[in-house]
Amino acid sequence: MLVVRHAVVGPFAENTWLLADPEAGEAAVLDPGGEAGRVLALAAPEGFRVTQVLATHGHVDHVFGADEICARTGAPFAMHDGDLPFLAALPAQAAGLGFGAARAPALARRLADGDPVRVGRREGRVLHTPGHSPGSVCLWFPEDRALFAGDTLFAGSVGRTDLPGGDGEALVRSIRERIFPLGDDVRFFPGHGPAGTLGEERRGNPFVGDRARGRFL
Ligand SMILES: [Zn+2]
Ligand SMILES: [Zn+2]
């Protein structure tokens, strides 16, 4: 079973997730928004080895800490290449938004739709879910019934689509056609705010739930 922990980091209260396979002693850090020491402390009790650093998308609140965590762990950084322009803009955006000085992480691996993401022996895969940004992805672990949703879907809300490259219609399609069909029982872990289940959102989300059809756009 995948072990899931998180720390809320940075000026935008972003959720950085630690995904670990306790049998293999391996972990991935997802969306390292900063505060590298607190994030790495999530892996400390069992001494999990952080072997990869992943991002659901390229916004500064999700990648600000990536370069430092990669440097401290030796782990490679992976993201969808649709958000590469945000990485290029990271140092300027970080300074302008109050994060402080930052270096963009080197992209060691490009995540594309359907690609496998393995954490130890836990098997996940990439779902490309554009809308919040062109390169937004979710990470889906079918056996663990767990979805890491980034800023695509929140408990009771959805990601904003007014930033560069945002697309409201694409966001609704991503959620209704790629995420909800995974199943009502699936737990989802978003980029901000509390975790929940897909069933709660399918039934009650005011933007994309069953009773919201047509209202979002
Ligand atoms: Zn975002
Ligand atoms: Zn965010």
Side-chain angles (χ1 to χ4, degrees), residues 4-19 28-36 38-39 42 53-69 77-100 102 104-105 107 110-113 117 126-140 146-175 178-179 187-196 201 205 207-208 216:
V4 178
R5 295 181 183 147
H6 83 295
V8 179
V9 303
F12 295 174
E14 186 264 353
N15 293 328
T16 295
W17 299 98
L18 183 89
L19 295 58
V29 168
L30 176 66
D31 286 349
E35 305 187 49
R38 284 180 56 222
V39 170
L42 298 172
V53 177
L54 309 163
T56 57
H57 63 296
H59 288 160
V60 57
D61 54 322
H62 295 254
V63 299
F64 176 75
D67 184 62
E68 182 178 352
I69 291 180
F77 175 68
M79 193 184 83
H80 192 283
D81 63 9
D83 277 9
L84 278 175
F86 296 115
L87 279 195
L90 176 68
Q93 290 205 326
L97 291 169
F99 283 80
L107 188 65
R110 293 165 193 246
L111 300 180
D113 190 59
V117 173
V126 175
L127 300 181
H128 183 213
T129 51
H132 175 64
S133 70
S136 279
V137 301
C138 296
L139 301 184
W140 165 229
L147 179 79
F148 296 86
D151 287 0
T152 298
L153 179 67
F154 301 126
S157 188
V158 296
R160 58 191 288 184
T161 56
D162 59 333
L163 296 170
D167 181 334
E169 288 183 40
L171 182 86
V172 171
R173 275 200 308 276
S174 289
I175 295 171
R178 303 296 310 275
I179 294 179
R187 294 175 302 151
F188 80 100
F189 303 94
H192 303 267
E201 300 313 312
N205 188 296
F207 299 97
V208 287
F216 180 74

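For ligands, and for the atoms within them, numbers begin at 1 and follow the listed sequence.
- The backbone N or O of Leu84 lies less than 3.5 Å from no partner atom in the side chain of Asp81, so there is not a single donor-acceptor pair.
- At a threshold of 2.8 Å, the Zn ion (ligand 2) has no backbone or side-chain N, O or S atom of His57 nearer than that distance.
- For the pair Ser174 (side chain) and Pro130 (backbone), a donor-acceptor distance under 3.5 Å is present.
- The Zn ion (ligand 2) has an N, O or S atom of His62 inside 2.8 Å of it.
- The Zn ion (ligand 2) has no N, O or S atom of Glu14 under 2.8 Å away, backbone or side chain.
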As a quick check of understanding, evaluate side chain to side chain contact (heavy atoms under 4.5 Å, CB included) for Thr152 and Leu171, giving each step before the final call. CA-CA 7 Å; Thr152 298; Leu171 182 86; 4.0 Å; yes
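- One distance of note links CZ of Phe189 with CG of Asn15; it measures 10.5 Å at 0.5 Å rounding.
- Within His59, the N/O/S atom positioned nearest the Zn ion (ligand 1) carries the name ND1.
- Across every non-hydrogen atom of Val137 and Leu111, the tightest pair is CG2-CD1, 4.4 Å.
- Here Asp151 reaches the Zn ion (ligand 2): one of its N/O/S atoms is less than 2.8 Å from the metal.
- Nearest N, O or S atom of Asp61 to the Zn ion (ligand 2): atom OD2.
- The Zn ion (ligand 1) has an N, O or S atom of His132 inside 2.8 Å of it.
- A centroid separation of 6.0 Å or more is found between the aromatic rings of His57 and Phe86.
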